[in-house]
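Counting convention: from 1, in listed order, for ligands and their atoms alike.
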Amino acid sequence: MTEKMKNIVILISGAGSNMAALIKTAQEDNWDGLLGARVVAVISNKPGAEGMALAQALGVPTQVLDHKGFASRAAFDAALQTLIDAHQPALVVLAGFMRILTPDFVAHYAGRLVNIHPSLLPAFTGLNTHRRAIEAGCTVAGATVHKVTAALDHGDILAQAVVPVLPCDSAETLAARVLVQEHLIYPQAIKALLQVL
Ligand code: GAR
């Protein structure tokens with residue numbers, strides 16, 4: 001591979017199932033050899049995040065930056081940026097990273113910062129998307145992969161998956177159905193983006 005390696009840094013706060021799906025796809029589909037891309041680090045803002053052990057089991061180094069140790073959002077984001085930039089990433093992937101990001105942070109990664117959100121954006125930005133979709137009487141729900149802008153859960157849409165909302169659904173059963181689709185569309189959307197970066 002003559003071109004520079006495209007490093008991917010993943011940010012998580014919790015279970016890390018999207019992160020694991022992405023790492024597994026990258027490993028199984030040989031992104032290293034075919035795309036010159038690899039996941040070089042997983043960073044969590046939560047010391048006990050379940051996903052950290054999962055990342056380590058998949059052979060990816062992990063780092064923790066606890067937001068509770070910072071006096072302001074700006075101070076945390078600046079420290080996070082320093083940590084991320086040490087990996088010289090082509091792409092920064094938010095995978096259940098439950099933090100609102102400062103405009104400066106978002107601007108620094110313009111065009112190379114992506115997120116997955118558990119709704120069919122532009123519907124249901126923010127939290128509790130599945131409960132809100134059920135309460136609104138939606139017959140379909142889903143997930144959206146998008147580029148990140150300073151406006152929460154906005155930005156160019158890269159991929160979406162649609163699932164039915166069933167009459168018997170709770171927020172939990174709907175979330176589980178959506179998550180299965182998230183694990184499929186996120187790696188594919190990132191693969192497509194890597195090819196044009
Ligand atoms: C996923 O459903 C993801 O779409 C959502 O959090 C979950 C993380 O699960 N993200 C957001 O709500 C971001 N606003 P995971 O840690 O198992 O990937």
Side-chain angles (χ1 to χ4, degrees), residues 8-27 39 41-58 60 62-65 67 73 76-77 80 91-103 105-106 109 113-136 138 140-165 169-191 193:
I8 302 167
V9 172
I10 306 179
L11 307 187
I12 68 167
S13 300
S17 70
N18 275 293
M19 168 218 71
L22 175 56
I23 294 171
K24 281 183 197 159
T25 301
Q27 290 174 346
V39 180
V42 171
I43 301 173
S44 171
N45 65 308
K46 290 255 181 89
E50 272 174 72
M52 299 304 258
L54 210 49
Q56 287 155 18
L58 290 165
V60 177
T62 58
Q63 293 170 295
V64 175
L65 188 69
H67 62 275
R73 192 174 289 283
F76 172 76
D77 279 8
L80 181 61
L91 200 57
V92 179
V93 173
L94 308 180
F97 187 65
M98 305 306 279
R99 296 272 312 163
I100 291 175
L101 299 163
T102 53
F105 181 94
V106 172
Y109 297 108
L113 182 61
V114 293
N115 182 43
I116 188 157
H117 181 76
S119 79
L120 293 171
L121 291 175
F124 305 119
T125 60
L127 298 174
N128 302 314
T129 54
H130 305 301
R131 180 176 56 71
R132 289 158 61 208
I134 291 169
E135 285 174 2
C138 296
V140 292
T144 303
V145 180
H146 65 99
K147 288 194 178 171
V148 175
T149 63
L152 182 69
D153 300 328
H154 282 72
D156 290 351
I157 290 175
L158 302 173
Q160 288 186 306
V162 181
V163 304
V165 179
D169 264 331
S170 63
E172 289 72 28
T173 58
L174 180 56
R177 190 176 309 118
V178 171
L179 197 59
V180 171
Q181 297 304 314
E182 292 185 40
H183 297 164
L184 299 175
I185 63 170
Y186 211 9
Q188 291 316 313
I190 288 168
K191 183 178 181 185
L193 187 58

* Asked: Once you round to the nearest 0.5 Å, how far does NE2 of H117 lie from CG of L127?
  ->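 H117 atom NE2 to L127 atom CG measures 8.0 Å (nearest 0.5 Å).
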
* **Spatial distance of atom CG (L11) from atom CD (Q63) [nearest 0.5 Å]** =>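 If I round to the nearest 0.5 Å, the distance is 10.5 Å.
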
* To do: Mind jotting down which residue pairs meet the salt bridge (charged side-chain N to carboxylate O under 4.0 Å, His left out) criterion with at least one end in residues 141-165? Sequence neighbours excluded, please.
  =>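 Sorted result for residues 141-165: empty, none.
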
* Working for side-chain contact (heavy atoms from CB on, under 4.5 Å), residues I43 and F97 -> CA-CA 9 Å; I43 301 173; F97 187 65; over 6 Å; no

Under 3.5 Å: N or O atoms of ligand 1 paired with protein N or O:
unit_1, atom_1, unit_2, atom_2, d
ligand 1, 2 (O), E182, OE1, 3.2
ligand 1, 2 (O), E182, OE2, 2.9
ligand 1, 4 (O), E182, OE1, 2.7
ligand 1, 4 (O), E182, OE2, 3.4
ligand 1, 16 (O), G16, N, 2.8
ligand 1, 17 (O), S17, N, 2.8
ligand 1, 17 (O), S17, OG, 2.5
ligand 1, 18 (O), S17, N, 3.4
ligand 1, 18 (O), N18, N, 2.9
ligand 1, 18 (O), N18, ND2, 3.0

* Asked: Is the NE2 atom of H183 crowded by more than 12 outside heavy atoms at less than 6.0 Å?
  ->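 Count over threshold, so yes.
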
* Asked: Closest heavy-atom contact between Y186 and L94?
  ->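 Minimum heavy-atom separation between Y186 and L94: OH-O, 2.7 Å.
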
